[in-house]
2 protein chains.
Amino acid sequence: MRQKTVEEYIEIIYALEIRDGRAATGKIASEMKIKPSSATEMLKKLQKEGLLQYETYAGATLTDCGKRLALELRSKHKAIADFLEIIGVDRRVAERDACQMEHHVGRETMEKLERFVQFAGLSSYEPLWVENFRRYCETGQPGECNLCTRLDSKKHASRTASALLRRRK
Amino acid sequence: MRQKTVEEYIEIIYALEIRDGRAATGKIASEMKIKPSSATEMLKKLQKEGLLQYETYAGATLTDCGKRLALELRSKHKAIADFLEIIGVDRRVAERDACQMEHHVGRETMEKLERFVQFAGLSSYEPLWVENFRRYCETGQPGECNLCTRLDSKKHASRTASALLRRRK
DNA sequence: CCCTGGTTTTAGGTTTGCCTAAAACTTCAA
DNA sequence: TTGAAGTTTTAGGCAAACCTAAAACCAGGG
């Protein structure tokens, strides 16, 4: 089974289990926009993988292992969606893209992303640079407040992001 | 054909075309880590889609349409990898993850991401907040420099990122 | 209790993207 | 010019994840 496929099922089953106590085949199918017969087939496979417990005609419930995966996916999803929203992506779009991205982001990247979201939420940092970024998005202008300028930097020396990155090596 | 599959082929063919003048079936196959026969099959499909010109035993060259897609993918890839590196992800990991993510990020999100990379490269903003973020990653401490603190903010009022986002609505 | 409507499963197909093995082609060196 | 080595294509298969249609199951109202 493709990992992405597995993960999508697990996320939906987790949500249904919380809402309804168990995940019914038909509900899973409609959430995934597939036919119930396809869901049945996948449930059997996921049971074989040890991710859920499946009883015919009774639906599925996640095992501890499945729940662990579900929670990990939740936190990935949240971090990505929050991050996107911070950089100004519309919440709906952020949600949609996060749904895809969460299946393709490695551990290290996730950690940095989570850090970033935390960092943006810290009151002592949040306002200025996030606001400046937003203004930059709208006007294309760097903005005029200089409190954030490094005191020892040569003024207005325009540097590219790659230059910035190279310098840090 | 799955969009991701198409895109991966186009990216590799584009790179080979630049390097060798044309994309040979065998080279495509080894880059994609598949067998040449599979590449042949896909080349026929991509030709039918109008993305490339394919002559048996002679290899493939992208059409204008294919080139346009290739360039779009390049810029997506670059923006994502640069962004990841800015937030502290190791270059190799950033490259690997960008390869996956580029197929799943929508237009609006891409625009914001590009903006963000530009913004981080602007000399008047780059140093402080990026550096503070890096320190935060390493120490977990907010850091002590207060030049970036909003002058009218209640000091040390700890806010979550979600609170920050809600406030902006 | 039973039977009818809705849900779920089973059985048998389809498509996509890959594979192996063998045939066809190309090239280059003798 | 020829044939051997390497490359490419063709032909025939396979697995994953979906589908349709029909059979099996379940639950509530008469």
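Only this structure's heavy atoms are used, side chains among them; waters, hydrogens and symmetry mates stay out. Because the structure is a prediction, the values reported are computed rather than measured. Throughout, a chain's letter reflects where its sequence line sits, starting with A, and its residues are numbered from 1.
Relative orientation of the A/His104 and B/His104 rings is parallel, given thresholds of 30° and 60° on the angle between their planes.
Not one side-chain nitrogen or oxygen of A/Tyr9 sits closer than 4.0 Å to the OP1 or OP2 atom of D/dA16. Regarding contacts with the backbone of C/dG17, every side-chain N or O of B/Lys35 stays at 4.0 angstrom or more from both OP1 and OP2.
With sequence neighbours excluded, the residues forming a salt bridge (charged side-chain N to carboxylate O under 4.0 Å, His left out) with A/Arg107 are A/Glu111, listed by chain and number. Listed by chain and number, the residues in a side chain to side chain donor-acceptor pair (under 3.5 Å) with A/Lys48 amount to none (sequence neighbours excluded).
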Item to complete: Check the pair B/His77, B/Glu95 against side chain to side chain donor-acceptor pair (under 3.5 Å), reporting the backbone distance first and the verdict last.
Response: CA-CA 8 Å; B/His77 181 101; B/Glu95 281 295 333; 2.6 Å; yes
Practice prompt. For the pair B/Tyr9 and B/Tyr14, evaluate ring pair (Phe, Tyr, Trp, His ring centres under 6.0 Å) and give the outcome as yes or no after the intermediate values.
Written response: CA-CA 8 Å; B/Tyr9 273 92; B/Tyr14 181 74; over 10 Å; no
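Atom CZ in B/Arg2 sits roughly 9 Å away from atom C1' in C/dG17 (whole-Å rounding). Look at NZ on A/Lys33: it is 12 Å from P on D/dC19, rounded to the nearest Å. Counting to the nearest Å, the C1' atom of D/dC18 and the CD1 atom of A/Ile28 are 16 Å from each other. Across the protein-nucleic acid pair, B/Lys4 atom NZ and C/dC18 atom C1' stand 14 Å apart, rounded to whole Å. D/dA15 atom C1' lies 12 Å from atom CE of A/Met1, rounded to whole Å. Per the geometry, NZ belonging to B/Lys48 stands 13 Å off P belonging to C/dT15, to the nearest Å. Rounded to whole Å, the distance from CD on B/Glu8 to C1' on C/dC18 is 13 Å.
Side-chain atoms of B/Gln118 and B/Glu114 form no donor-acceptor pair, as typed in the model, at a separation below 3.5 Å.
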Discussion item. For nucleotides 4-13 of chain C, give me one character per nucleotide, 5' to 3': B if any protein heavy atom sits under 4.0 Å from the base, S if the only such contacts are to the sugar-phosphate, - if neither.
Written reply: ----BBB---
